[in-house]
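Every chain is numbered from 1 and lettered A, B, ... according to where its sequence line falls, protein lines coming before strand lines.
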Amino acid sequence: MHPLSEQQIVRRNALNEILALGINPYPAEAFDVTTDSGAIRARFDTEPDQFSNVSIAGRLMMIRDMGKACFAELQDEKGRIQLYIKREEICPGDDKSLYDQLFKRLSDIGDFFGARGYVFRTKVGELSIHVVELRLLSKSLHPLPVVKTDADGKVHDAFTDPEQRYRHRYVDLIVNPQVREIFVRRSHMIQEMRNFFNGRGWLEVETPVLQNIHGGAAARPFHTHHNALDIPLFLRIANELYLKRLIVGGYSGVYEIGKMFRNEGMDRTHNPEFTSMEIYVAYKDYLWMMDMVEDLLEYVVEKVCGTKQVEISGHSIRFVKPFRRIPMLDAIREFGGLEVEGKTEAELRILCRQANIQVDASMGWGKLIDELFSELVEPHLIQPTYIMDYPLEMTPLAKKHRSKDGLVERFELYVNGKEIANAYTELNDPLDQRQRFEEQLKLAARGDEEAMAMDEDFLLALEYGMPPTSGLGIGIDRLAMLLTGQEAIQEVLLFPQMKPVTV
RNA sequence: GAUCUGUUAGCUCAGCCGGUAGAGCAACGGCCUUUUAAGCCGUGGGCCUUGGGUUCGAAUCCCAAACAGAUCACCA
């Protein structure tokens, strides 16, 4: 424990004086709240008589002391409201200690108060509560950063250090209302996705986070161990194979919104745990899925942002269907000016070198195509764009393309140069699926740590028969970044992963 | 994993041609009964991230470490 700072000592002393006054700084009783700052702002002017006796609670964020009266700002979840506290009003008798001692001397920014009174406007027009009763609800012992906004909207002494903000997110949420708003919007976004899916009759499900076999994606897993069974387990890197088992089981549409865990690098677009939404719908293909995603995003963006357009990194992005659809090889031709159709692996390797892309011998035809695409095309895909028809070898769970050799029926949705969604016409041929897994095993034998493992039970499920199905995954954090205009994933995660500070 | 930048009071930052620390806000003590980033007067508050080194002397120069951010690499 660090030695206490001057300000911590001052507050602890204040706490003791409050106790000496016979006041409990942490009362157990509920405080009856009848309104909040948002309701007052929204409705006082039209229905003033509703606000002649209100009770409100929140955190004290500013005190402007005027002597025998003072103004204070109380912050609740909806914002701030000014309190007008007059000594004669809250201490009508001879005993002025509640005001002189408790309020003026022993209260600090950060304390929780409950206030009862009537709403009015001051001479200057500021909406305020004329307080007749004031009660301490919780004493704060640690000083908060004091962020002030002046009349021009200029913010002074903003609490901006990302490390401090992420490590002490509660402080960030207290003093930065725009941060609080991001997480409200994120929650709203997920809620609207659920509304959209539930409205179509699809079932929300939960599948195992602890898995014996880490399947469904190419990534390194976290390892853990179950004591009673004495077996190793993995934290899931994907839930795809479980959701498909549910389609085998007879549900026609299932989705899951949940955390995935990947033991890989972290940066401003990657956190070791992240949230994905995966959905599988029977009797559909990836073309149908593109239509569905357009409807979904148009709906969600409009609900959450109030418009179909969002602003990020200097771009105006319009979520209006239809989105552009480009086959991957056409995109490389259009944006990179390279013809890759019909080229051999060796020819592609030369093209990559010419484009200054590092290549090595382990890269096959599909990987080389993917490298060219990432380098030449991705950064140009600002408006929502579907890239379709990926090389087969990199996509072991998707069905072979109905007409194009060497490709699978897969699309990814790109927005603002980044991948937001990934979808397939799902592979439901158990024999083909077994071959694909075997290819993965060969890659693993060559040292590819991300290659998928064989999942015999999943193959058994496919043998029982899976209807034609289309599946989709959306990176919830990435989408939240788009809808909140954030460039870093840490800004849309309440508690992003941080290295512990060693003291 | 690589490179660059940052780390000084509770917060935001200055100080960095080496002479053991400053401002604003916050805190503390005053004055003011409709103010508003309130104001005015006064007072305290710091292992200058950590560990080494150079030097008579280091917040300042050098080396290393920790953490963070940005740019890469890898990936969603």
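Between B/rU49 and B/rC13, the two P atoms lie 15 Å apart (nearest whole Å). Rounded to a whole angstrom, the distance from the P atom of B/rC47 to that of B/rC16 is 22 Å. If you take atom P in B/rC31 and the same atom in B/rU12, they sit 33 Å apart, rounded to whole Å. When the C1' atom is compared between B/rG19 and B/rC61, the two are found 14 Å apart, to the nearest whole Å. B/rG10 sits 10 Å from B/rG45 when the C1' atoms are compared, rounded to a whole Å. Across the P atoms, B/rA21 and B/rC63 are found 26 Å apart, a figure rounded to whole Å. B/rU8 and B/rU3 have their P atoms separated by 24 Å, given to the nearest Å. Taking atom C1' on both nucleotides, B/rG39 is separated from B/rU33 by 16 Å, rounded to a whole Å.
With rounding to whole Å, A/K86 atom NZ is found 13 Å from B/rU35 atom P. If you take CD of A/E240 and C1' of B/rA76, they are 13 Å apart, rounded to a whole angstrom. Protein atom CE of A/M62 is 15 Å distant from nucleotide atom C1' of B/rA27, rounded to whole Å. Atom CG in A/D65 sits about 12 Å away from atom C1' in B/rG29, given to the nearest Å. Rounded to whole angstrom, the span from the OH atom of A/Y166 across to the P atom of B/rA68 amounts to 12 Å. The separation between A/F71 atom CZ and B/rU35 atom P is 6 Å, rounded to whole Å. When rounded to the nearest whole Å, the span between CZ of A/R11 and C1' of B/rC28 equals 13 Å. Counting to the nearest Å, the P atom of B/rC40 and the CE atom of A/M66 are 14 Å from each other.
In this structure, A/N422 reaches neither bases nor backbone, as no heavy-atom distance under 4.0 Å exists between it and the strands shown. Within the nucleic acid shown, A/F120 comes within 4.0 Å of at least one base atom, counting heavy atoms only. At the heavy-atom level, A/R167 lies under 4.0 Å from the strands shown only through sugar-phosphate atoms. In this structure, A/M260 reaches neither bases nor backbone, as no heavy-atom distance under 4.0 Å exists between it and the strands shown. Nucleic acid contact for A/R268: sugar-phosphate only, since backbone atoms but no base atoms lie under 4.0 Å from a heavy atom of the residue. When heavy atoms are screened at a 4.0 angstrom cut-off, A/R165 is found touching no nucleic acid atom at all.
Rounded to the nearest 0.5 angstrom, A/F274 CZ and A/T269 OG1 are separated by 11.5 Å.
B/rG44 is unpaired under the Watson-Crick or G-U wobble criterion, no partner having all donor-acceptor distances under 3.5 Å. With both pairing distances under 3.5 Å, B/rU35 is matched to nothing as a Watson-Crick or G-U wobble pair. Shown here, B/rG24 forms a base pair with B/rC11; the pair counts as Watson-Crick or G-U wobble because both key distances fall under 3.5 Å. Taking a pair to require two hydrogen-bonding distances under 3.5 Å in either a Watson-Crick or a G-U wobble arrangement, B/rU54 remains unpaired. B/rU71 is paired with B/rA2 under the criterion used here, namely a Watson-Crick or G-U wobble arrangement in which both key atom distances are under 3.5 Å. When both pairing distances are held under 3.5 Å, B/rG18 makes no Watson-Crick or G-U pair with any nucleotide shown.
A salt bridge links A/E73 and A/R64; the closest N-O separation between the charged side-chain nitrogens and carboxylate oxygens is under 4.0 Å. A/E439 has a carboxylate O that lies under 4.0 Å from a charged side-chain N of A/K442, or vice versa, which qualifies the two as a salt bridge. In summary, A/E345 and A/K367 do not engage in a salt bridge, as defined by a charged side-chain N under 4.0 Å from a carboxylate O.
Proximity of a side-chain donor or acceptor of A/R180 to a complementary backbone N or O of A/L173 within less than 3.5 Å is detected. Of the possible donor and acceptor atoms, none in the side chain of A/D389 sits under 3.5 Å from a partner among the backbone N and O of A/M328.
Contact check, A/K499 against B/rC67: a side-chain N or O comes under 4.0 Å of OP1 or OP2. In terms of phosphate contacts, A/R64 brings no side-chain nitrogen or oxygen within less than 4.0 Å of OP1 or OP2 of B/rU35.
With centroids closer than 5.5 Å and planes inclined by less than 30 degrees as the test, A/F274 and the base of B/rA76 pass as a stacked pair.
Between the side chain of A/N271 and the base of B/rA76, no donor-acceptor pair of N or O atoms lies under 3.5 Å.
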Spell out protein contact along nucleotides 6-14 of chain B as letters: B when the base is contacted, S when just the sugar-phosphate is, - when no protein heavy atom is under 4.0 Å; keep the 5' to 3' order.
----BSS--
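Looking at which nucleotide of RNA chain B each of A/Q490 and A/R262 is closest to, the 5′-most match is held by A/Q490. If A/K367 and A/G67 are placed on RNA chain B by their nearest nucleotide, the residue sitting closer to the 5' end is A/G67.
Looking at heavy atoms from C-beta onward, A/Y242 lies in side-chain contact with A/Q211 at the 4.5 angstrom threshold. At least one side-chain heavy atom of A/V179 sits under 4.5 Å from a side-chain heavy atom of A/R169. You'll find the side chain of A/L235 reaches within 4.5 Å of the side chain of A/L210, heavy atoms only. Annotation: side chain of A/V293 is not in contact with side chain of A/M290 (no heavy-atom distance under 4.5 Å). At a threshold of 4.5 Å between non-hydrogen side-chain atoms, the residues A/R436 and A/L392 count as touching.
Other residues, nucleotides and ligands contribute more than 12 heavy atoms inside 6.0 Å of the CD atom of A/E88. Heavy-atom contacts from other residues, nucleotides or ligands closer than 6.0 Å to CD of A/Q178 number more than 12.
Closest to the side chain of A/E88, from the set B/rU35, B/rA76, B/rU33, is B/rU33.
A heavy-atom distance below 4.0 Å to RNA chain B is reached by these residues of residues 124-133 of chain A, ordered by number: A/V124, A/E126.
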